[in-house]
Amino acid sequence: ASPREIEKLITNPLEQDLKEVDGIKQMNSVSAEGRSFIMLQLDPDQTSKDEAKSDIEEVVNGFVELPEGAKDPRVMVVEAKLAPVIGVSLSGKVSDMELRTAAKFVEKKLRSLGDVAKISFEGLRDVEFRIEAIPQLLSRYQITLEELIIALKRQNISVPGGLVEGDLAGKKELIIRTSGQYEGVQEIAETVIRANELGEMVKVSDVAKVSEVLAKPGLYLRTNSEDSIMLRVLKKEKGDAISMVDKIKKVMQQIRPQLHPEIKVSFIDDASFYIRRRLAVMGSNLLQGLVLVLVFLSLLMPWRLAIMTSLGIPFSFLGTMAIFYYNDISLNLISVMGLIIVVGMLVDDAVVVTENITQELEKGTEPNLAAVKGTRDIWMPVAASVLTTVLAFLPMMNMHGIMGKFVRYIPMGVIAALMISLFECYFILPGHIRWLFRGKTHAQVLKSMQSEFLYSRMNRFWQSRVLPFYERTLRLALRLRYVGLVFSILFFVASVVLVKTKMHIVLFPTDGIEMLILNIESPVGTTLERTRELMRPIEKVISELPKDELADYFVKAGMQGLNLFDPNTFRGGHYGQAIIYLSPEPDRHRTAPEIREDLRKKIGLPPGLKTVAFGNVAAG
């Protein structure tokens, strides 16, 4: 059916019925050739996922205006667990049947992994039994096409026949079943179309040619310039993306000798790569933070106290992990972002408490009393400083809508880590400091501190240079307080004007994109095979990208769309798409926009194509 008929007969009537459902925030639809796609965005403040799905299914199941020949509609929920974790591409200069056999073999092996929820294919063609009737032979035996079709239908069945009991079955129950489903070419060829009382019969093989072939392709897929089949692996909701990808790669390495030598295995769109990279950022930030804190604090206090203070960072992180675990929050790209943000804030409170306890020790207070008094005297301003940061992040936890459901995990990580850090500096850090100086007299404590090379020299520099300069500056600021007030107001106003006139708010910057998309369209009516041939020049230009910039690429003819739930998916023989995966930005000399513009100039508009348009991956 044409898109116009699809819209008139299915999409428009169904959209009118769906307007009755409460909680639908936005409705988008695409009517394509032979296909209607309606995407409903819910308002989570008005309805729940399960309640909305139930209401929508009730409307769709009650839709009785489907035209004859239309398949039953499907209602699916778009969930993060439905996003593929990795794509396994099989390509090579082998026959289509050999490639399909290899893909099914790989699927069987990967399904045995515990974390794998589902495997979907791209470019896989079904196996068909093709029966080509020969008109001359049909005429000789006086058999019509209808007789041939009826004979095949009559034989290709599997029907339960019920139970047989009593004397006929003896002391057992017999389950009767009529089974005749075809499993091979020979069975079809031996099917009897007509027979007489003398046992003479006409078989399918007498009037037709029977063969096993692959179904007509609806999509051609090529990876790195070779015909391919893609296996998209989806993980279970509770599965670990990193461990699952490691297992998949290990399995593929083990079964590689069992595949045809010409078949190449490529791993496409590995989501675990981004998770590993962000965890690496968090780990490096954590390590750098620890080192810098230790170095800097060793200049301002004894190195042993610096170590005790720095312990608050790993302690806060481990405590946050425990809170995440018991609240069923996974470590993902968003929750880790909160931990990266909070790394630099975790020792602020501990530094203040440690410094105050150190002052008490220098005054001659006994270590046990110094730990208690130093913490008690400073607890209120320390709590105020931490809670102001907590309050700054707290509104993010109450954001509404879809964005709110994602963003809330960032403040949860920040707040949990800060509160654990506050607990540590109140109740654990004082005990460590008290243990460090236990049993020492005032003279021994002072000698221990002053004997440290860095600390003693920095302390003298601080007292002789920094404090006098600070005091002079402070007195000047107090004397010119009105000038300072006017300057502060002007600075604030200038900042507001700058934000309003010069700065643009971009929620998700496009920097660091490592994926380019080319959408290709040929004139309507172009065959799938012809579109594939027209895309060869584009493949050649992409393949010539430098090795340090190009990771992988694949092109598909017959479809445009990034995933199953892309509302802008188009299907048809005249559509095509190329997806280019670039190497990580730090490993290449050019940015993604620069590479895109270079490709745009080199590709231009190849002969026979209607349009070649570069698309962007939606940032975030």
Side-chain angles (χ1 to χ4, degrees), residues 80 85-86 115 235 238-250 267 269-298 303 306-351 386 389 393 396 406-425 428-429 432 508-509 511-514 551 581-588 619-620:
V85 174
I86 192 172
D115 288 341
K235 75 175 183 68
K238 301 294 183 182
D240 185 300
I242 292 177
S243 65
M244 193 184 88
V245 168
D246 288 340
K247 290 176 185 175
I248 289 172
K249 291 183 177 180
K250 184 178 179 181
F267 298 102
D269 202 13
D270 181 359
S272 72
F273 167 79
Y274 303 101
I275 302 172
R276 293 176 205 266
R277 186 166 63 178
R278 189 156 294 180
L279 287 173
V281 170
M282 184 180 72
S284 64
N285 281 11
L286 181 61
L287 182 62
Q288 292 173 28
L290 275 172
V291 171
L292 290 173
V293 164
L294 276 171
V295 171
F296 190 72
L297 290 182
S298 296
W303 66 268
I307 292 176
M308 294 299 179
T309 305
S310 302
L311 287 176
I313 295 179
F315 182 87
S316 301
F317 264 76
L318 290 173
T320 305
M321 301 294 178
I323 291 175
F324 277 11
Y325 178 79
Y326 286 108
N327 285 277
D328 202 26
I329 301 172
S330 67
L331 278 180
N332 53 63
L333 293 175
I334 297 174
S335 61
V336 169
M337 194 185 298
L339 299 179
I340 293 173
I341 290 171
V342 81
V343 167
M345 311 177 193
L346 291 180
V347 293
D348 295 356
D349 47 6
V351 168
V386 173
T389 307
F393 280 90
M396 292 178 69
F406 281 97
V407 172
R408 65 194 300 261
Y409 294 106
I410 297 175
M412 284 176 71
V414 172
I415 292 171
L418 286 175
M419 295 310 293
I420 292 171
S421 172
L422 190 63
F423 172 84
E424 189 268 345
C425 80
I428 298 175
L429 179 62
H432 288 162
F508 293 109
D511 298 340
I513 284 180
E514 294 163 358
Y581 294 95
L582 302 175
S583 57
E585 194 167 35
D587 300 340
R588 47 186 157 89

Test item: [X] and [Y] side chains (from C-beta on) under 4.5 Å apart, heavy atoms:
X    : Y    : value
I275 : V336 : no
S272 : I86  : no
V343 : F317 : yes
C425 : L422 : yes
M321 : L331 : yes
D246 : K250 : no
K249 : F267 : yes
L297 : W303 : no

>> Does L418 form a side chain to side chain contact (heavy atoms under 4.5 Å, CB included) with F393? I'd like the steps, not just the answer.
In response: CA-CA 11 Å; L418 286 175; F393 280 90; 5.6 Å; no

Is there a donor-acceptor contact under 3.5 Å from the side chain of [X] to the main chain of [Y]?
X    : Y    : result
N327 : I323 : yes
S335 : S330 : yes
S310 : L290 : no
R588 : S583 : yes

What are the two closest non-hydrogen atoms of [X] and [Y], and how far apart are they?
X    : Y    : result
I420 : G319 : CD1-C, 3.2 Å
A417 : T320 : CA-OG1, 3.3 Å
G338 : V414 : O-CG2, 3.4 Å
E514 : Y274 : OE1-CE2, 3.5 Å
R278 : I334 : NH1-N, 4.5 Å

Gap separating the [atom1] atom of [X] from the [atom2] atom of [Y], nearest 0.5 angstrom:
X    : Y    : atom1 : atom2 : answer
Y581 : D269 : OH    : CG    : 3.5 Å
I313 : S421 : CD1   : OG    : 8.5 Å
T309 : E424 : OG1   : CD    : 8.5 Å
L339 : L346 : CG    : CG    : 9.0 Å

>> Would you say OH of Y325 has more than 12 non-hydrogen atoms from neighbouring residues, nucleotides or ligands within 6.0 angstrom?
In response: no

>> Heavy-atom count check: over 12 atoms from other residues, nucleotides or ligands less than 6.0 Å from F406 CZ?
In response: no

>> Under the criterion side chain to side chain contact (heavy atoms under 4.5 Å, CB included), I'd like the reasoning laid out for R276 against F273: C-alpha separation, chi angles, the key distance, then a yes or no.
In response: CA-CA 5 Å; R276 293 176 205 266; F273 167 79; 5.7 Å; no

>> Evaluate R408 against M396 for side chain to side chain contact (heavy atoms under 4.5 Å, CB included), listing each step before the verdict.
In response: CA-CA 6 Å; R408 65 194 300 261; M396 292 178 69; over 6 Å; no

> What's the verdict on side chain to side chain contact (heavy atoms under 4.5 Å, CB included) for L279 and I242, showing C-alpha distance, side-chain angles and the deciding distance?
Replying inline: CA-CA 11 Å; L279 287 173; I242 292 177; 3.8 Å; yes

>> Could you check whether K247 pairs with D240 (Lys NZ or Arg NE/NH1/NH2 to Asp/Glu carboxylate O, under 4.0 Å)?
In response: no

